[in-house]
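The structure appears right after this line, and notes come after that.
Numbering of ligands and ligand atoms starts at 1, following listing order. Atom set for the values below is all heavy atoms of this structure, side chains included, hydrogens, waters and symmetry mates excluded.
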Amino acid sequence: MQVHLHAKDISTLQGQTVVFFSKPSAKKDQPAVITEKDVTEIFEESLSDKIITGAANEAITFREANLNNFRHVIIVGLGADSKMTAETVRQSAAALYKEIKATKVTEAFVQLDGLTGSKKDLAEYTQAFVEGLNLAGYSFDELKSKPKDKKEEVINIHLVTKAKDKSIVTAFNEGTILASCTNFARRLGDMPGNLMTPTILAEEAIRGAKGTGLKVTAWDKKRIEKERMGGLLGVNQGSDQEPRFIVMEYSGGTKGKKPVCFVGKGLTFDCGGVSIKPGAKMEEMKYDMMGGAGVIGTMLAIAQLKLKVNVIAFVPSTENMINGHATKPGDVHTARNGKTFEVNNTDAEGRLILSDALSYASEQDPAIIIDAATLTGAMVVALGNIHTGYFTKNAALKTKIEKAADISGEAVWHMPFNEHHTKDMKGTYADLSNISYTGGAGSGTAAAFLEQFVGEDIPWAHFDIAGTGWACGNRLNYCTPKGATGVMVRTFVEIAKQY
Ligand code: BES
Ligand code: ZN
Ligand code: ZN
């Protein structure tokens with residue numbers, strides 16, 4: 001699919017399909033309206049018969065309607081003006097994409113100005129609309145064989161607005177970049193473990209960064225050993241695949257300004273190790289690198305948007321497997337910052353690879369550290385697949401995160417953890433244990449473990465995306481039913497903008 005923007009009057013254009021918006025009437029018991037008065041008149045009967053209701057995410061095709069210079073008409077519902085937000089617009093765009101796909105439409109001209117019935121400005125809605133289209137247009141079918149003679153028809157969607165402001169073009173470009181970098185992250189997660197090893201993940205980060213001005217380096221096992229990353233190496237022991245420590249640097253801010261640091265869990269497959277996971281749904285653990293993938297996508301977006309900020313990202317990457325060298329329950333390893341930990345459950349491995357990355361990030365004199373990880377099943381239980389739970393004790397950072405999420409439309413929820421959770425993570429034979437014996441608050445105790453590796457006084461937030469990293473399509477129509485979501489790319493870019 002290709003989405004284009006035109007500053008034109010739609011009545012001067014011609015093509016296969018035209019798209020208008022509808023919404024319920026502001027008056028009770030009155031038929032819905034289409035945002036263009038003359039089009040409302042043409043569809044009067046469908047409106048009074050409640051075929052068109054204007055409900056959010058309704059998309060109805062009228063084939064061969066032959067309206068003006070267009071063969072087909074699609075009417076997309078926006079929902080009530082008072083309930084319209086960038087997120088409802090994003091979803092309306094996804095509903096349109098699905099209708100276009102289902103009805104085999106290949107060319108659509110969207111009357112974009114119809115989006116601004118309410119107080120919100122067109123630029124914000126344009127960005128959301130282009131995000132919704134491009135996110136909904138993502139599919140992962142590159143591993144399926146294709147019939148040789150079948151050519152996929154390209155879908156062209158033209159967004160048409162009379163507005164000539166530069167802000168609309170900027171918003172369109174930003175939405176396009178955010179969606180494409182989110183889709184970049186999704187693809188990394190959708191790739192199965194055999195085709196997305198730590199080595200391949202690093203190569204993909206390098207490939208994605210080409211031409212963006214990002215500096216990407218991927219440390220191999222030798223370098224990781226030299227850097228004394230005992231957490232990452234301890235988890236990697238059981239795998240036949242070499243680990244990688246991916247570093248991505250972007251210098252868009254003034255020289256010497258403290259960098260924003262992102263850290264992402266890049267576990268390319270988590271079978272649990274010796275504390276092996278049950279078989280059911282184990283295949284989903286190929287997504288255990290979505291924190292890392294999201295951070296890589298965030299860096300690509302920041303560079304493409306040319307943000308005036310300095311940012312460094314770190315993605316520790318390994319598999320969690322069980323060969324003869326695998327870490328055994330009870331084994332003790334030493335993290336980069338010198339703290340020792342007992343591995344009392346080899347399935348709590350994400351915190352171990354993050355320990356070194358957080359220590360290393362802390363050494364960069366960062367303005368803040370933000371990490372993302374599919375860290376705990378407890379987070380899935382607590383919040384499900386809509387809200388990403390985040391942990392921070394820094395009030396100013398919390399305010400910035402809430403603001404960022406408000407703009408991005410990604411739902412987040414501030415989670416608690418305190419000194420009790422820290423105490424729960426004390427070791428018997430080593431400084432720390434990687435699991436809590438107390439039980440309960442599994443996500444908070446994990447956060448308390450991570451905190452041990454963050455430099456004192458560094459504002460830090462941890463995002464547990466275990467529930468929101470994949471399979472959100474049952475709730476968010478711009479996500480695939482089973483695939484990776486690329487969650488947090490949009491929010492993290494908004495956080496970076498504030499520095
Ligand atoms: N990758 C998992 C967490 C996970 C679970 C992500 C389900 C997505 C869905 C993580 O490495 C893990 O296994 N955590 C354990 C920790 C426990 C042993 C303390 C968990 O949550 O069960
Ligand atoms: Zn695990
Ligand atoms: Zn894991």
Side-chain angles (χ1 to χ4, degrees), residues 189-190 193 196 198 201 231-232 234-239 243 263-294 315-322 326-331 341-355 357 371-389 391 415 417 421 424-427 432-450 462-472 482-485 487-488:
D190 285 338
M196 192 47 62
L201 183 65
L232 177 56
V235 175
N236 182 251
Q237 266 175 223
S239 165
V263 172
K265 173 178 173 182
L267 219 295
T268 58
F269 190 79
D270 179 13
C271 81
V274 174
S275 317
I276 194 165
K277 287 181 182 294
K281 291 199 177 176
M282 198 204 269
E283 73 279 7
E284 290 190 347
M285 282 300 125
K286 67 175 179 173
Y287 296 121
D288 211 16
M289 31 58 74
M290 279 318 292
V315 179
S317 184
T318 176
E319 296 177 327
N320 188 21
M321 292 293 287
I322 339 175
T327 290
K328 303 168 290 298
D331 285 1
F341 47 72
E342 303 158 27
V343 182
N344 290 318
N345 187 318
T346 65
D347 197 12
E349 84 299 335
R351 59 199 75 184
L352 307 184
I353 70 169
L354 289 171
S355 71
D371 81 69
T374 46
L375 205 63
T376 63
M379 184 52 77
V380 189
V381 176
L383 294 184
N385 67 356
I386 290 292
H387 292 82
T388 296
F391 298 79
M415 301 287 293
F417 74 120
H421 303 107
D424 285 354
M425 302 310 286
K426 285 226 167 358
L432 298 161
S433 164
N434 75 331
I435 54 169
S436 152
Y437 284 108
T438 312
S443 307
T445 52
F449 183 91
L450 295 181
H462 156 61
F463 288 71
D464 193 335
I465 59 165
T468 52
W470 71 90
C472 296
K482 271 189 113 178
T485 61
V487 73
M488 287 302 123

Open item on the list: Contact between T376 and S443 at the side-chain level, heavy atoms closer than 4.5 Å - yes or no?
Closed with: yes
- [ ] Would you kindly specify which portion of K265 sits under 4.0 Å from ligand 1, judged on non-hydrogen atoms: side chain, backbone, both or neither?
- [x] side chain
Open item on the list: If the contact criterion is a heavy-atom separation under 4.0 Å, does M379 count as touching ligand 1?
Closed with: no
Task: Minimum side-chain heavy-atom gap V274-T327 below 4.5 Å - done: no
- [ ] Taking the side chain as every heavy atom from C-beta outward, state whether I386 and T468 have any pair of such atoms under 4.5 Å apart.
- [x] no
TODO: Classify the contact between F269 and ligand 1 as side chain, backbone, both or neither, using a heavy-atom distance cut-off of under 4.0 Å.
DONE: neither
Task: pair D347-D270: side-chain heavy atoms closer than 4.5 Å - done: yes
TODO: Give the residue, atom name and distance (to 0.1 Å) of the protein heavy atom nearest atom 19 (C) of ligand 1.
DONE: I435 CG2, 3.5 Å
Open item on the list: I'd like to check V343 versus P329 (side-chain heavy atoms, cut-off strictly below 4.5 Å). Are they in contact?
Closed with: no
Task: Heavy atom of K277, distance to ligand 1 below 4.0 Å - done: yes
- [ ] Specify the protein heavy atom at minimum distance from atom 2 (C) of ligand 1: its residue, its atom name, and the distance to 0.1 Å.
- [x] D270 OD2, 3.6 Å
Task: Heteroatom distance test (N345, ligand 1): nitrogen or oxygen, under 3.5 angstrom - done: no
Open item on the list: Rounded to the nearest 0.5 Å, what separates atom CG in N385 from atom OG1 in T485?
Closed with: 9.0 Å
- [ ] Taking only heavy atoms of A466 into account, list the atoms of ligand 1 that are under 4.0 Å away from them.
- [x] 6 (C), 8 (C)
Open item on the list: Using a plain distance cutoff, I'd like to know if T376 has any nitrogen or oxygen under 3.5 Å from a nitrogen or oxygen of ligand 1.
Closed with: no
- [ ] Provide, to 0.1 Å, the distance between atom 12 (C) of ligand 1 and the closest protein heavy atom, together with that atom's residue and name.
- [x] D347 O, 3.1 Å
Open item on the list: Does the residue F449 have a heavy-atom contact with ligand 1, meaning some pair of atoms that are separated by less than 4.0 Å?
Closed with: no
- [ ] Check for a donor-acceptor pair, side chain of S275 on one end and backbone N or O of T346 on the other, with a separation under 3.5 Å.
- [x] yes
Open item on the list: Just to confirm my output: which protein heavy-atom neighbour is closest to atom 16 (C) of ligand 1, and how far is it?
Closed with: R351 NH2, 3.8 Å
Open item on the list: How far is atom 8 (C) of ligand 1 from the closest protein heavy atom, and which atom is that?
Closed with: W470 CH2, 3.1 Å
Open item on the list: Tell me whether the Zn ion (ligand 3) has G350 as a neighbour, meaning an N, O or S atom of it below 2.8 Å.
Closed with: no
- [ ] Could you tell me whether L375 approaches ligand 1 through its side chain, its backbone, both or neither, with non-hydrogen atoms closer than 4.0 Å?
- [x] backbone
Task: Pair S436, T445: side-chain N/O donor-acceptor within cut-off below 3.5 Å - done: no
Task: For atom 17 (C) of ligand 1, closest protein heavy-atom neighbour - done: A348 CB, 4.3 Å
Task: Name of the D288 atom (N/O/S only) found closest to the Zn ion (ligand 3) - done: OD2
Open item on the list: Has K426 got a side-chain atom pairing as donor or acceptor with S433's backbone, closer than 3.5 angstrom?
Closed with: no
TODO: Note the single closest protein heavy atom to atom 21 (O) of ligand 1, along with its residue, its atom name and the distance in Å.
DONE: G377 N, 2.7 Å
- [ ] Taking the side chain as every heavy atom from C-beta outward, state whether E319 and N236 have any pair of such atoms under 4.5 Å apart.
- [x] no
- [ ] Just give me the atom name: the N, O or S atom of E349 closest to the Zn ion (ligand 3).
- [x] OE2
Open item on the list: Show the atoms of ligand 1 that are less than 4.0 angstrom away from any heavy atom in E349.
Closed with: 11 (O)
Task: Proximal ligand 1 atoms for T374, defined as those under 4.0 Å from one of its heavy atoms - done: 1 (N), 2 (C), 3 (C), 6 (C)
TODO: Would you check if the side chain of D288 reaches a backbone N or O of M285 as a donor-acceptor pair within less than 3.5 Å?
DONE: no
Task: Note, F391 side chain near F463 side chain (heavy atom, < 4.5 Å) - done: no
Open item on the list: Suppose we only allow N, O or S atoms; which atom of D270 ends up nearest to the Zn ion (ligand 2)?
Closed with: OD2
Open item on the list: Quick test: of every protein heavy atom, which one is nearest to atom 7 (C) of ligand 1, and how far off is it to 0.1 Å?
Closed with: M285 CE, 3.8 Å
Task: N/O/S from D347 sitting under 2.8 Å away from the Zn ion (ligand 3) - done: no
Task: Validation row: T318, I353 side chains within 4.5 angstrom (heavy atoms) - done: yes
- [ ] Kindly assign one of parallel, tilted or perpendicular to the pair Y287 and W470, based on the angle between their ring planes and the thresholds 30° and 60°.
- [x] parallel
